[in-house]
Amino acid sequence: MQEKKNIKFLSGNEACGEGAIVAGCRFFGGYPISPSSEIAEFMSKRLPLVGGTFIQMEDEIASIGAILGASLAGVKSMTATSGPGLSLMQENIGFGAMAEIPTVIVDVMRGGPSTGNPTGPSQSDVMAIRWGTHGDYPAVALCPESVNEVFLLTIEAFNIAEFLRTPVVLAMDEITAHMREKVELLKESDVKIVNRKKPEKMPYLPYEYGEDLIPPLPGYGEGFRFHVTGLNHDKTGFPTNKSELMEEGNRRIMEKLDKNKDKVIKHEEFMTEDCDILVVAYGSSARAAKRAVRTAREKGIKAGLFRPITLYPLSEKALQKAAGKAKKVIVPEMNLGQYILIVERVIGHGFPIIGINQVDGEPISPSKILSKIEE
Amino acid sequence: MAQRFEIRLAGSGGQGLVLGGIIFSEAAAIYDGRHATQTQSYGPESRGGASKSEVVISDEEVDYPKATNPDVVLLFTEAAKEKYLPLCKKDAIIIADADLVKSEIPSEYKRVVKVPLTRIAKESVGREFVANIVALGLIRELTKVVSEESLEKALLKRIPKGTEELNKKALQLGKEAAYKYGEHILKG
C-alpha cells in the first residue's frame, strides 16, 4: 500500500500550487511578494505544462482583475499575495462578491500594517480577510495548519468558490507556507472536484436563481451573453436602483452562504470532550496549542483545543458546545487580538477569554500557551 | 515526546543552512520513513543577515514544527553563537565552525565540537560552499538520527547536476571529521 501513495516532502507554498493544479486551476495572475512568492514561481513552471496560463501582472490590482476576468471566461483562476497586496485587491474582491465570480485568493500573511515584516510569521490579516472590502459580502476563508492540509484546503477553496460562485481566501502564515513536511499528493480522480453550475438553455437571465440561491454561470464565449457590473443589478445583470431589487440582491449574496454553510464549515476538536480550559487557535498557532494541550494533559490539566479550519464561516454551534464546560478560554494569535473578537461574540462573556498575542515576527511557543493554561 | 529530536542550524544567509535542513529532514521523512519538519527564519536579504534553519524528527506526527530545546546546534557565525548558545541546554551537542566562531564556548557545555568546517570544504574539496554538507555528514555520524544511505539519497536529489561527486566527498569528510574532532561524543 505504501508504494502506491505519492508522498513528497514539500513546502506549504509548493503544496498549494500542487493542490491548485489538481483542483483544475488553469490561470494564475499575480505579483510576487514574500512570503507567498514560491506559489507564483510554482505556477509559472507548472501551468504551461498543463495547458494553463501564468501572467505576472504589473501589480496586485491588476492581478485580481485578471483572475476575475479569467474566471468569467470559464477558467478556474487563482492569485497569491501577502498583506500589502491583499490591501490593494480589496476593492475587486468586493466586485467578485457582488458580481458573483468564483476565484481563489491565497493570502500568506506577513506582519503589518504596511510592508511590515516580510519574512516572519504573522496572522495579522484575519480581520482584513473578513471585512477588508466595503459592504456586506459573504466572506469565506480557510486556514491550514500543515503542508498536507494546505494541499487539501487549496482544492477545497476552489470547490467552495465554484459551488457558491464567490471569491474564497486561503489564509496561510509564513510557517505553513515555508515549512516543509510530508504531503500525500492525490490525483484528480481521487478527490472531489466541484465545477460551477452552468445555464442549460437560452434564453436565460444571468442572475436568475433557484432554491440554493446560486445563479448558474456560463463562460464568455460559450454562447450565453451576459453583462457584469459591480452596481446593484437585477436578474438581467444590468444595473438597477429599485429598492426592492437592491434589498433582494444584497440579502441574497449573504443568504446563499448562510443557507449552504453546513457544506462549507470545517473545524477540528482535540480533547475537548471534558475540557476545563479551551484553547481556540488556527493556522500554525494551533500546532503550538496542540503541543501545549498535550503537555497540560500529561500534567493532569483538562485542556482542549478547538481549531477553526474555515475561519469564515465559523462553526459557531460546535464552538459553543466545546466551550460548554470550560472555565477559561485562551485565544493565541500572531496579532494583537483579532479572532478573539469573534470568539467573544460566539461564546459570550460568562468566563474569562484570554488572548495570547505576539507581533515580534516569531511564532507563539507551546510553553507560552502552557503557562497561560496553568495560570 | 522522547522520540522527538531537534536540530538548529544557525549562521548567515548564503551558507546553505536552509538547504542543509531540507536535505537532513527529507532523509528522515522520505527515505527513513519517519516524520519530520523543516522550518526557517531569515531576513529580507538574499545574502548575509542572520539565517536559521530547524529540523524536527519524530516517530510520531510532529505537532509543533519548530525546535524548542534542540539536541544539536550548529553555530556557523559569531553572531549565531552569541544569540543561540545561551538558549542551548547544557547537554546539547554544540558544533561550531572553528574558524568562524573564534570566541570561547564556556566549559559548562559538555558536548562541544569545534571543527573547521569551512576550511575543510575549501581545502579538501576546493569549494567553500559545501561546508553545509560537511556539517550534515558530521551531524549524522555524531547522532545517527538518520541513516547514511538516506542522507546520501536526499543529498543527491537536492543538488545541481554535475556536483554529485563533490557533495558526496563533502559528506564523507564530515563523517571523518566526527572521528577526528568528536570522539568524546561518539564515546558517549
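Chain naming here is simple, since letters A, B, ... match the order of the sequence lines and numbering starts at 1 in each.
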Peer 1: Tell me which one of A:Met179, A:Glu181, A:Arg291 satisfies side-chain contact (heavy atoms from CB on, under 4.5 Å) with B:Pro65.
Peer 2: A:Met179
Peer 1: Does atom OH (A:Tyr339) have a neighbourhood of more than 12 heavy atoms from anything else shown, all under 6.0 Å?
Peer 2: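 Yes.
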Peer 1: Taking atom NZ as the centre, does B:Lys144 end up with more than 12 heavy-atom neighbours from other residues, nucleotides or ligands that are less than 6.0 angstrom away?
Peer 2: yes
Peer 1: Quick one: what part of B:Arg34 sits under 4.5 Å from any heavy atom of chain A, side chain, backbone, both or neither?
Peer 2: backbone
Peer 1: Considering non-hydrogen atoms only, spot the tightest contact between A:His178 and B:Tyr42 and give its length.
Peer 2: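 Heavy-atom minimum between the residues: CE1-OH, 3.4 Å.
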Peer 1: How about B:Lys122: does its NZ atom have over 12 heavy atoms from other parts shown lying under 6.0 Å from it?
Peer 2: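 For B:Lys122, atom NZ is not crowded (no more than 12 foreign heavy atoms under 6.0 Å).
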Peer 1: Are B:Lys66 and A:Ile175 side-chain neighbours, meaning at least one heavy-atom pair lies under 4.5 Å?
Peer 2: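 Side-chain contact under 4.5 Å: yes.
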Peer 1: Does atom NZ of B:Lys83 have more than 12 heavy-atom neighbours, drawn from other residues, nucleotides or ligands, at distances under 6.0 Å?
Peer 2: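 Not more than 12 within 6.0 Å, no.
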Peer 1: With heavy-atom distances below 4.5 Å as the criterion, would you say the side chains of A:Pro363 and B:Tyr64 are in contact?
Peer 2: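 Counting from C-beta outward, A:Pro363 and B:Tyr64 do come under 4.5 Å.
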Peer 1: Are there over 12 heavy-atom neighbours, none belonging to B:Arg111, within less than 6.0 Å of that residue's CZ?
Peer 2: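 For B:Arg111, atom CZ is crowded (more than 12 foreign heavy atoms under 6.0 Å).
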Peer 1: Do side-chain atoms of A:Arg287 reach the backbone of B:Asp63 as a donor and acceptor pair under 3.5 angstrom?
Peer 2: yes
Peer 1: About how many Å separate NZ of B:Lys157 and CZ of A:Phe9, when rounded to the nearest 0.5 Å?
Peer 2: 9.0 Å
Peer 1: Is A:Glu174 close to chain B through its backbone or its side chain, or both, or neither, when contacts mean heavy atoms under 4.5 Å?
Peer 2: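 Answer is side chain: those atoms of A:Glu174 sit under 4.5 Å from chain B.
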Peer 1: In residues 15-32 of chain B, which residues are in contact with chain A at a heavy-atom separation under 4.5 Å?
Peer 2: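 B:Ile22, B:Ser25, B:Glu26, B:Ala29, B:Ile30, listed by number.
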Peer 1: Strictly less than 4.5 Å between heavy atoms, which residues of residues 365-375 of chain A line up against chain B? Please order them by number.
Peer 2: A:Ser365, A:Pro366
Peer 1: Taking atom CD of A:Glu58 as the centre, does the number of heavy atoms from other residues, nucleotides or ligands within less than 6.0 Å exceed 12?
Peer 2: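 Buried by this count: over 12 neighbours within 6.0 Å.
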